[in-house]
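Beneath this line is the structure, given in structure tokens, with notes to follow.
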Amino acid sequence: MPRRHKLAALTASVLLLNTACGGPFPQSTLSPTADLGFQIDGLFRLILWLAAAVFVIVEALLIYVAIRYRARPGQPPPARVHGHTLLEISWTLAPAVILIIVAVPTIQTILRTQRAPGPDALEVSVIGHQWWWEYRYPASGVVTANEMHIPVGKPVVLAMTSADVIHSFWAPRLGGKRDVVQGRTNRIEFTPDSVGVFLGQCAEFCGTSHANMGLRVVVEDSAAFAAWTADQLKAPALPDSLTGGLAREGLEAFRKLREPASNSCIACHTIQGVSGGVLGPNLTHVGSRATIAGASLPNTPDGLSRWLDDPPGVKPGSKMPRIGLTQQEIAALVAYLQSLK
Ligand code: CUA
């Protein structure tokens, strides 16, 4: 193959490789959708272009010097140069100036993301658990898990703490990571600018199912957010009003006391008006969520059945044990849980 063709083939394969990386990337920090994300992205771009400029200048000088001063046959060794004041001052000053250009906006951004939230910010308490996220809305009293709903265009402040080990909250398109630590409250504030569902995950190794500790942030217009809040505040379907026979049977399976007691659903889960467990996610409106199990399974009859049948099989290390439900109990529980809209 002629050299020209080889070069063309190489270029073509590099271009093809690039297009293969074309997405979609639901968790890309490079397409921010909140002010915090834009600020961090701006820092990244500034540093990227500065580093690119340094790279090009240094490589160009290296190549120039390597060619211009290469050894030639019969040439004597070059004379040594020592103590060129102008050169030494300039290669000390240039990096210092570049570091200042990087440091000033970086520190400004850090201070900006640590400032106290404004009075009109919507506060959401985020509690990291092995391996799921709990969200509480102090203003309205809503309690939910894994899927956070927030209104577009309004400042939101997440007040974050952990129930066990250290986690890290990270929804890349909205902004930076923040450690979630037991015994202290870390905050992160941002204003989302687009409606949509933005994915995220725990970004600090926190045990066996760290990789299954996903999260979803649903940014919606204020009417949809108000409607969601109202729905979450409604009392759940009361046992007496459960029409389907199977859902009623599911409620009984949910209430059943099992051996050992920690195998009972009610020991860990709250369903308002039914049970008051606090170790697992609040299930009062679990049917309204799109996912379960740390956003790792779709909230479909199939996904729920798989989860109820063998939680540690789906999410290794799961605190919810395999309690040996019968297929009939699983079908009934699926019908009941899905009715809790
Ligand atoms: Cu929670 Cu990693």
Side-chain angles (χ1 to χ4, degrees), residues 26-27 29 32-37 40 113-118 120-152 154-192 196-207 209-220 225 228-229 232-233 268-270 278-286 288-296 315 319:
Q27 294 194 185
T29 54
T33 59
D35 57 345
L36 179 61
I40 293 168
T113 68
Q114 298 283 350
R115 73 180 179 198
D120 59 339
L122 169 76
E123 184 174 319
V124 184
S125 303
V126 176
I127 304 157
H129 295 260
Q130 279 175 319
W131 290 275
W132 58 282
W133 298 96
E134 178 175 2
Y135 305 125
R136 296 173 169 268
Y137 295 68
S140 61
V142 168
V143 179
T144 186
N146 300 321
E147 294 178 13
M148 180 193 300
H149 287 243
I150 50 176
V152 69
K154 245 194 101 166
V156 175
V157 59
L158 308 183
M160 306 191 284
T161 191
S162 168
D164 37 53
V165 300
I166 299 177
H167 305 272
S168 178
F169 185 93
W170 191 34
R173 294 188 65 192
L174 297 169
K177 300 172 185 145
R178 194 70 98 223
D179 277 357
V180 177
V181 183
Q182 194 184 39
R184 62 171 285 144
T185 302
N186 284 343
R187 285 170 211 283
I188 199 167
E189 188 203 349
F190 58 86
T191 305
V197 179
F198 302 105
L199 307 187
Q201 64 189 68
C202 180
E204 175 82 37
F205 181 71
C206 55
S209 263
H210 158 68
N212 295 318
M213 194 168 165
L215 59 97
R216 294 156 62 88
V217 182
V218 182
V219 181
E220 49 202 1
F225 177 70
W228 175 81
T229 305
Q232 297 293 306
L233 289 172
C268 297
H269 293 285
T270 291
V278 293
L279 293 177
N282 184 313
L283 300 178
T284 307
H285 294 284
V286 67
S288 70
R289 297 176 205 149
T291 57
I292 52 168
S296 64
K315 214 166 74 168
K319 303 288 175 193

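On a predicted model such as this, the values are computed, not experimentally measured, just so you know. Starting from 1, each residue takes its place in the sequence as its number.
- When the ring pair (Phe, Tyr, Trp, His ring centres under 6.0 Å) test is applied to Tyr137, the partners found at least two apart in sequence or on another chain are Trp228.
- Note that the CD atom of Glu123 and the CZ atom of Arg136 stand 12.5 Å from one another [nearest 0.5 Å].
- Scanning all heavy atoms of the two residues, the minimum distance from Pro172 to Leu199 falls at CD-O, 3.4 Å.
- The side chain to side chain donor-acceptor pair (under 3.5 Å) search around Thr291 returns Glu147, not counting sequence neighbours.
- Across all their heavy atoms, Ser168 and Glu204 have their closest contact at CB-CB, 3.5 Å.
- What you find for Ile150 and Pro192 is that their closest heavy atoms are CD1-CG, 4.0 Å.
- Closest heavy-atom contact between Pro155 and Thr191: CA-OG1, 3.4 Å.
- The side chain to side chain donor-acceptor pair (under 3.5 Å) contacts involving residues 154-165 comprise Asp164-His167, where partners must be two or more places apart or lie in separate chains.
- No side-chain heavy atom of Pro281 sits under 4.5 Å from any side-chain heavy atom of Glu134.
- Looking at heavy atoms from C-beta onward, Trp170 lies in side-chain contact with Thr29 at the 4.5 angstrom threshold.
- With a 4.5 Å cut-off on side-chain heavy atoms, Val219 and Thr33 do not count as touching.
- Annotation: His149 is not in aromatic contact with Phe225 [ring centroid separation under 6.0 Å not met].
- Residues Val142 and Leu233 are in side-chain contact: their nearest non-hydrogen atoms beyond the backbone lie under 4.5 Å apart.
- Note that the CZ atom of Arg184 and the CE atom of Met160 stand 10.5 Å from one another [nearest 0.5 Å].
- Counting heavy atoms from C-beta on, the side chains of Ile188 and Leu36 come closer than 4.5 Å.
- Residues meeting the ring pair (Phe, Tyr, Trp, His ring centres under 6.0 Å) test with Trp132, sequence neighbours left out: His129.
- Residues Gln232 and Thr144 are in side-chain contact: their nearest non-hydrogen atoms beyond the backbone lie under 4.5 Å apart.
- At a threshold of 4.5 Å between non-hydrogen side-chain atoms, the residues Cys206 and Trp131 count as touching.
- Rounding to the nearest 0.5 angstrom, the gap separating the CD atom in Gln27 from the CZ atom in Arg173 is 10.5 Å.
- Under the rule for a salt bridge (charged side-chain N to carboxylate O under 4.0 Å, His left out), Arg187 has no partner lying at least two apart in sequence or in another chain.
- Listed by chain and number, the residues in a side chain to side chain donor-acceptor pair (under 3.5 Å) with Thr229 amount to none (sequence neighbours excluded).
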